[in-house]
Amino acid sequence: MKFNDLSITFHTDKIRECVDFYCHYFDAKLTFDAEWYVMVRLVSDDSMPIYLSFQGSTDEMKRDIFAGGISLNLKVDDVDSCYKKLQPTGISFVEKITDHEWGDRAFSVQDPIGNLLYIYSERKLGDKYKDAVKE
């Protein structure tokens with residue numbers, strides 16, 4: 001699998017506190033805000049942005065995997081190929097491949113220490129999330 005990008009999502013019930021912290025102390029810019037999922041952009045020395053996201057549980061996602069810890073968001077060109085490659089291995093999927101209104105097609109697995117690997121390809125953003133885009 002060839003990965004094109006990596007961002008990190010922190011699972012927390014302190015989304016606003018985290019966003020305020022990174023914006024105030026590290027000049028992060030708000031790029032996406034759907035209230036339950038918020039993304040900020042940090043600028044690194046080599047002008048390659050670093051994205052951090054903060055996600056809380058919603059009524060639809062009341063799962064233990066969103067109670068704390070992190071997700072590694074791994075962007076790929078063809079998420080369906082990655083999914084098909086992993087299916088015969090016996091790996092346990094936390095989320096089967098699914099299209100999401102927030103603009104991706106993705107599946108999830110957990111590594112041996114419980115980190116969530118969210119493997120995705122971008123898709124068209126649904127109308128419900130167009131107002132969430134800030135930058």
Side-chain angles (χ1 to χ4, degrees):
M1 279 179 241
K2 180 183 173 229
F3 299 105
N4 300 324
D5 193 13
L6 166 70
S7 63
I8 300 168
T9 299
F10 298 91
H11 303 281
T12 180
D13 60 354
K14 295 182 180 181
I15 293 172
R16 290 292 153 208
E17 293 92 328
C18 290
V19 170
D20 291 346
F21 175 85
Y22 284 96
C23 288
H24 181 78
Y25 293 109
F26 298 99
D27 298 321
K29 304 296 180 212
L30 186 64
T31 62
F32 188 87
D33 187 349
E35 295 182 13
W36 62 271
Y37 183 87
V38 180
M39 181 182 285
V40 299
R41 178 179 49 82
L42 300 169
V43 178
S44 65
D45 290 340
D46 64 1
S47 74
M48 184 73 151
I50 298 168
Y51 292 94
L52 300 177
S53 304
F54 306 94
Q55 179 178 349
S57 294
T58 66
D59 290 337
E60 301 151 7
M61 295 186 217
K62 292 269 188 217
R63 293 190 253 171
D64 292 339
I65 60 170
F66 296 110
I70 66 167
S71 290
L72 300 175
N73 308 306
L74 300 163
K75 182 179 173 183
V76 297
D77 288 329
D78 185 355
V79 70
D80 290 285
S81 291
C82 295
Y83 188 75
K84 287 176 186 168
K85 182 178 180 179
L86 289 173
Q87 275 183 312
T89 69
I91 195 169
S92 178
F93 291 95
V94 174
E95 176 187 31
K96 293 185 179 186
I97 198 159
T98 308
D99 289 315
H100 298 116
E101 289 182 278
W102 52 80
D104 71 23
R105 179 169 174 78
F107 66 91
S108 300
V109 298
Q110 281 184 304
D111 72 10
I113 61 171
N115 294 315
L116 191 69
L117 303 177
Y118 185 85
I119 301 168
Y120 72 100
S121 293
E122 291 182 344
R123 296 292 190 266
K124 183 179 175 191
L125 185 69
D127 290 339
K128 178 180 176 180
Y129 287 96
K130 289 192 176 178
D131 290 341
V133 176
K134 305 300 181 193
E135 186 177 276

**Student:** More than 12 non-hydrogen atoms from neighbouring residues, nucleotides or ligands closer than 6.0 Å to CD on E35, yes or no?
**Tutor:** no
**Student:** Quick one, Y120 and K75 - any side-chain contact, counting heavy atoms below 4.5 Å?
**Tutor:** yes
**Student:** Assess whether a salt bridge exists between R16 and D33, defined as any Lys/Arg side-chain N lying under 4.0 Å from an Asp/Glu carboxylate O.
**Tutor:** yes
**Student:** Any side-chain donor-acceptor pair under 3.5 Å between H100 and D104?
**Tutor:** yes
**Student:** Where do Y51 and S7 come nearest, in terms of heavy atoms and distance?
**Tutor:** O-CB, 3.6 Å
**Student:** Looking only at non-hydrogen atoms, find the nearest pair between I119 and V79 and report the distance.
**Tutor:** O-CG2, 3.4 Å
**Student:** For F54, run the ring pair (Phe, Tyr, Trp, His ring centres under 6.0 Å) check against F32, Y22, F21 and tell me which one passes.
**Tutor:** Y22
**Student:** Are S92 and Q110 side-chain neighbours, meaning at least one heavy-atom pair lies under 4.5 Å?
**Tutor:** no
**Student:** Mind listing the closest non-hydrogen atom pair of V76 and S121 along with its distance?
**Tutor:** O-OG, 2.8 Å
**Student:** Would a distance-only check, ignoring hydrogens and angles, find a side-chain to backbone donor-acceptor pair under 3.5 Å from T31 to E135?
**Tutor:** no
**Student:** Is it the case that over 12 heavy atoms from other parts of the model lie below 6.0 angstrom from the NZ atom of K84?
**Tutor:** no
**Student:** So which atom in S71 and which in H11 form the shortest heavy-atom distance, rounded to 0.1 Å?
**Tutor:** OG-NE2, 2.7 Å
**Student:** Distance-only, no hydrogens or angles: does the S108 side chain make a donor-acceptor pair with backbone N or O of E95 under 3.5 Å?
**Tutor:** no
**Student:** Do you know which two heavy atoms are closest between D80 and R123, and how far apart they sit?
**Tutor:** OD2-NH2, 3.6 Å
**Student:** What's the shortest heavy-atom distance between C23 and A28, and which atoms?
**Tutor:** SG-O, 3.4 Å
**Student:** Give a yes or no on this: more than 12 heavy atoms of other residues, nucleotides or ligands lie within 6.0 Å of atom CG of D131.
**Tutor:** no
**Student:** Kindly assign one of parallel, tilted or perpendicular to the pair Y129 and W102, based on the angle between their ring planes and the thresholds 30° and 60°.
**Tutor:** perpendicular
